[in-house]
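The basis for the numbers below is simple: all heavy atoms, side chains too, and nothing from hydrogens, waters or symmetry mates. Everything numeric in this text was worked out from a predicted model, so none of it was measured.
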Amino acid sequence: EVQLQASGGGLVRSGGSRRLSCAASGFTFAGFAIGWFRQAPGKDREGVSCISGTGHSTYYSSFVRGRFTISRDNEKNIVSLRMNNLKPEDTAVYYCAVRLVADCSPTEWPQRTQYGYWGQGTQVTVSS
């Protein structure tokens, strides 16, 4: 069974940093791209970042580019999201998800419909 476990969320001050982790099991981890999404109360779930199966290609939404870094350790089956210079508007539940191909589509990676499995999410709260 495919399982994704997001962790690492918590309370952080504006301007601070936080690292999220997504532990995966139940599939050949290196063969699939992994995305991070987030959802704030009253808002749609939006794409944050995506990393290809090999880790060679990464994509970021404009609202996090330059502040967030996605990476993966295929030996440990973990994808990480390092978040720097956090802002209150980054407050959301963050989810990791597996895309059922090895690559992130440059145009389609932010689409939720491209991902077949989702973790439970982890809450990130950024205080002013």
Side-chain angles (χ1 to χ4, degrees):
E1 180 182 355
V2 174
Q3 294 186 2
L4 300 171
Q5 181 67 47
S7 62
L11 178 64
V12 61
R13 299 175 183 176
S14 180
S17 299
R18 196 81 179 184
R19 182 179 63 85
L20 306 182
S21 296
C22 176
S25 63
F27 63 101
T28 304
F29 185 67
F32 300 92
I34 301 293
W36 281 99
F37 290 74
R38 69 186 187 186
Q39 187 167 22
K43 296 185 177 181
D44 292 335
R45 192 170 300 183
E46 61 185 2
V48 174
S49 186
C50 185
I51 186 168
S52 65
T54 64
H56 182 262
S57 299
T58 58
Y59 296 87
Y60 299 91
S61 294
S62 61
F63 46 83
V64 305
R65 189 176 296 114
R67 299 188 297 121
F68 291 12
T69 303
I70 190 170
S71 62
R72 67 191 296 160
D73 185 335
N74 285 345
E75 185 173 344
K76 296 181 178 180
N77 287 11
I78 294 176
V79 169
S80 297
L81 184 70
R82 179 66 180 178
M83 306 181 294
N84 294 327
N85 192 24
L86 284 162
K87 306 174 181 179
E89 52 263 43
D90 294 319
T91 296
V93 177
Y94 284 72
Y95 302 86
C96 58
V98 57
R99 192 167 191 266
L100 299 180
V101 293
D103 298 323
C104 308
S105 169
T107 58
E108 297 179 349
W109 74 263
Q111 299 298 316
R112 294 160 55 191
T113 56
Q114 300 296 308
Y115 299 81
Y117 300 93
W118 296 80
Q120 86 290 354
T122 184
Q123 175 72 47
V124 175
T125 302
V126 184
S127 62
S128 300

S.K.: Using side-chain contact (heavy atoms from CB on, under 4.5 Å) as the criterion, point out the one residue from Val48, Val64, Thr69 that pairs with Leu81.
M.R.: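 The side-chain contact (heavy atoms from CB on, under 4.5 Å) with Leu81 is passed solely by Val48 among Val48, Val64, Thr69.
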S.K.: Working to the nearest 0.5 Å, report the span between CG of Asp103 and CD of Glu108.
M.R.: 12.0 Å
S.K.: So, for Ser21 and Ile78, which heavy atoms are closest and what is the spacing to 0.1 Å?
M.R.: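 Reported closest heavy-atom pair: CB-CG2, 4.3 Å.
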S.K.: For the residue pair Val2 and Gly26, what are the closest heavy atoms and their distance?
M.R.: CG2-O, 3.8 Å
S.K.: When Ile, Leu, Val, Met, Phe, Trp and Tyr are grouped by side-chain heavy atoms lying under 4.5 Å apart, directly or through other members, which residues fall in the same group as Tyr59?
M.R.: Phe37, Val93, Tyr95, Trp109, Tyr115, Trp118
S.K.: With a 4.5 Å heavy-atom cut-off, do Arg99 and Ser105 have their side chains touching?
M.R.: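 When only atoms from C-beta onward are counted, Ser105 and Arg99 do touch, with a gap below 4.5 Å.
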S.K.: Counting N and O atoms only, with roles assigned by atom type, does the side chain of Arg72 sit under 3.5 Å from a partner on the main chain of Gly55, one being a donor and the other an acceptor?
M.R.: no
S.K.: According to side chain to side chain donor-acceptor pair (under 3.5 Å), does anything in residues 3-12 pair up with another residue at least two apart or in another chain? List the pairs.
M.R.: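 Passing the test, one end in residues 3-12: Gln5-Gln120.
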S.K.: Determine, step by step, whether Arg38 and Asp90 satisfy the salt bridge (Lys or Arg N to Asp or Glu O under 4.0 Å) criterion, reporting the C-alpha distance in whole Å, the side-chain angles of both residues, the deciding distance to 0.1 Å, and the verdict.
M.R.: CA-CA 9 Å; Arg38 69 186 187 186; Asp90 294 319; 2.8 Å; yes
S.K.: Write down the atom of Tyr60, the atom of Ile70, and the distance for their closest heavy-atom approach.
M.R.: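 Scanning both residues completely, I find the closest heavy atoms to be OH-N, 2.8 Å.
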S.K.: Do the side chain of Ser52 and the main chain of Ser57 share a donor and acceptor less than 3.5 angstrom apart?
M.R.: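 Between the backbone of Ser57 and the side chain of Ser52 there is a qualifying donor-acceptor contact (under 3.5 Å).
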S.K.: Does any part of the side chain of Phe63, heavy atoms only, come nearer than 4.5 Å to the side chain of Glu89, both counted from C-beta?
M.R.: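 A side-chain contact is absent here, since even the closest heavy-atom pair is not under 4.5 Å.
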S.K.: Is the Phe27 ring parallel, tilted or perpendicular to the Phe32 ring (thresholds 30°, 60°)?
M.R.: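 Correct class here is perpendicular.
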S.K.: What is the minimum heavy-atom distance between Leu4 and Ala24, and which atoms define it?
M.R.: CD2-CB, 3.5 Å
S.K.: Using a 6.0 Å cut-off, check whether atom CZ of Arg13 has over 12 heavy atoms from anything other than its own residue.
M.R.: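 Counting neighbours around CZ of Arg13, 12 or fewer heavy atoms of other residues, nucleotides or ligands fall under 6.0 Å, so no.
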S.K.: Nearest heavy-atom pair of Ala40 and Ala92: which atoms, and what distance?
M.R.: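 That closest heavy-atom pairing would be N-CB, 3.8 Å.
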S.K.: Can you find a heavy atom in the side chain of Thr91 that is under 4.5 Å from one in the side chain of Gln123?
M.R.: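 Answer yes - side chains close enough.
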S.K.: State, with a plain yes or no, whether a side-chain heavy atom of Ser61 is found less than 4.5 Å away from one of Phe68.
M.R.: no
S.K.: Going by the side-chain contact (heavy atoms from CB on, under 4.5 Å) test, name the single residue among Asn74, Val98, Ile34 that passes it with Val79.
M.R.: Ile34
S.K.: Would you say the side chains of Arg19 and Ser17 form a donor-acceptor pair under 3.5 Å?
M.R.: no
